[in-house]
Amino acid sequence: MALITRGFRGRQRTEGPLGRIPPGQYATTEFPVLSAGPTPRLSFEEWRLTVANEHGREQSWNWEEFRSLPAEQVTVDIHCVTKWSKLDTLWEGVSVDTLLDTVGTGASYLLAHSYGGYTTNLPIEDVRDGKAWIAYGYAGEPLDPQHGGPARLLVPHLYFWKSAKWVERLELRTTDRSGFWESYGYHNYGDPWREQRYTGD
Ligand SMILES: Nc1nc2c(c(=O)[nH]1)N[C@H]1C(S)=C(S)[C@@H](COP(=O)(O)O)O[C@H]1N2
Ligand SMILES: [Mo]
């Protein structure tokens, strides 16, 4: 239904399969690296992932514990605000649902914190019900450090700046708080299909 609607509206003007490239994007087979700072050097021994709920309840996993959680393989399209889209990317990771369920939460927002200080904010419903993962594998290999290894957030339905690399902490919040790019004028939500690149889009 959605594919047909888009076709009739004539919105599909870029290359790529019908209905899979959001407005203003082009398809690439490269995997560009976009980082606001240096790649943190993290050993698997020192790596931890923590989820903190809105009441201050925390759960942390070391690498071994994290890797023993149930994992999924997902094939998704990703869309960077700098206009490249990459179709059918294959990831392996743990559903964010699995992590949030261990602390329990009634929070409305999630602020993801990365090793190195990067942050990005999301409504909780955008990381719930199988929409987001903590990914540690890409294309059948361990996730490259440049692309966020040991592990990154993956929220493919929003612009890729929401997919925090080198994720360290998921902070569940009752109030929204802008992350790094959001506070420099990127759109608070970042839906590629509505071309929400910058504040006011
Ligand atoms: N920690 C961290 N995560 C980040 C970024 C960053 O600079 N630091 N850049 C974001 C942006 S703008 C994009 S487009 C993607 C790029 O991911 P890639 O380098 O794997 O293509 O990571 C996002 N996650
Ligand atoms: Mo980006």
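Every number for a ligand or one of its atoms is a count from 1 in the order of the listing. Every heavy atom of this structure was used, including side-chain atoms; hydrogens, water molecules and symmetry mates were not.
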Undergrad: Can you measure from NE2 (His187) to CZ (Arg194) and round to the nearest 0.5 angstrom?
TA: 7.5 Å

Undergrad: Could you tell me the residue and atom name of the protein heavy atom closest to atom 20 (O) of ligand 1, and the distance to it rounded to 0.1 Å?
TA: His147 ND1, 2.6 Å

Undergrad: Does the side chain of Ser35 come within less than 4.5 Å of Trp166's, by heavy atoms?
TA: yes

Undergrad: Would you say Tyr159 touches ligand 1, if touching means a heavy atom closer than 4.0 Å?
TA: no

Undergrad: For Gly148, state whether at least one heavy atom is located under 4.0 Å from any atom of ligand 1.
TA: no

Undergrad: Whether the Glu30 and Trp84 side chains hold a donor-acceptor pair (N or O, under 3.5 Å, no angle test) is what I'd like checked.
TA: no

Undergrad: Measure the OG1-CG distance between Thr105 and Leu99 for me, rounded to the nearest 0.5 Å.
TA: 12.5 Å

Undergrad: If we set the cut-off at 4.0 Å for heavy atoms, which region of Tyr118 has an atom near ligand 1: side chain, backbone, both, or neither?
TA: side chain

Undergrad: Any atoms of ligand 1 less than 4.0 Å from a non-hydrogen atom of Ser114? List them with their elements.
TA: 1 (N)

Undergrad: Does the gap between the ring centers of Tyr159 and Tyr186 come in under 6.0 Å?
TA: no

Undergrad: Counting only heavy atoms, which portion of Tyr115 has something under 4.0 Å from ligand 1: side chain, backbone, both, or neither?
TA: neither

Undergrad: For ligand 1 and Trp181, I'd like to know whether there is a polar contact (N/O to N/O, distance under 3.5 Å).
TA: no

Undergrad: Under a 3.5 Å threshold, yes or no: a donor from one side chain and an acceptor from the other, between Glu182 and Thr120?
TA: yes

Undergrad: For ligand 1, find out whether one of its N or O atoms is nearer than 3.5 Å to an N or O atom of Trp84.
TA: no

Undergrad: Less than 4.5 Å apart, any side-chain heavy atom of Leu34 and any of Cys80?
TA: yes

Undergrad: Just need the protein heavy atom nearest to atom 24 (N) of ligand 1, so name the residue and atom and give the distance.
TA: Ser163 O, 3.1 Å

Undergrad: List ligand 1 atoms under 4.0 Å from Ala164, heavy atoms only on the residue side.
TA: 3 (N), 24 (N)

Undergrad: Has Gly116 got any heavy atom lying under 4.0 angstrom from an atom of ligand 1?
TA: no

Undergrad: Non-hydrogen atoms of Phe180 versus ligand 1: any pair closer than 4.0 Å?
TA: no

Undergrad: Does Arg169 pair with Glu171 as a salt bridge, N-O distance under 4.0 Å?
TA: no

Undergrad: I need the atoms of ligand 1 closer than 4.0 Å to a non-hydrogen atom of Trp166, numbered in the order shown.
TA: 1 (N), 2 (C), 8 (N)

Undergrad: Which protein heavy atom lies closest to atom 16 (C) of ligand 1, and at what distance to 0.1 Å?
TA: Leu34 O, 3.5 Å

Undergrad: Tell me, please: is Arg152 in heavy-atom contact with ligand 1, that is, under 4.0 Å?
TA: yes

Undergrad: Could you tell me whether the side chain of Leu172 reaches within less than 4.5 Å of the side chain of Arg57, counting heavy atoms only?
TA: no

Undergrad: Look up atom CZ in Arg197 and atom NZ in Lys83, then write down how far apart they are to the nearest 0.5 Å.
TA: 5.0 Å

Undergrad: Can you report which non-hydrogen protein atom sits closest to atom 13 (C) of ligand 1, along with the distance?
TA: Phe160 O, 3.7 Å

Undergrad: Test your reading of the structure: does Ala36 have an N or O sitting under 3.5 Å from an N or O of ligand 1?
TA: yes

Undergrad: Nearest protein heavy atom to atom 21 (O) of ligand 1, by residue and atom, and its distance?
TA: Pro32 O, 2.6 Å

Undergrad: Determine whether the side chains of Ser85 and His79 contain a donor N or O and an acceptor N or O closer than 3.5 Å.
TA: yes

Undergrad: Could you check atom 12 (S) of ligand 1 against the protein and tell me its nearest heavy-atom contact, residue, atom and distance included?
TA: Trp161 CB, 3.5 Å

Undergrad: Heavy-atom distance under 4.5 Å between the side chains of Leu154 and Ile134, does that happen here?
TA: no

Undergrad: Provide, to 0.1 Å, the distance between atom 14 (S) of ligand 1 and the closest protein heavy atom, together with that atom's residue and name.
TA: Cys80 SG, 3.2 Å

Undergrad: Atom 19 (O) of ligand 1: which protein heavy atom is closest, and how many Å away?
TA: Lys165 NZ, 2.5 Å

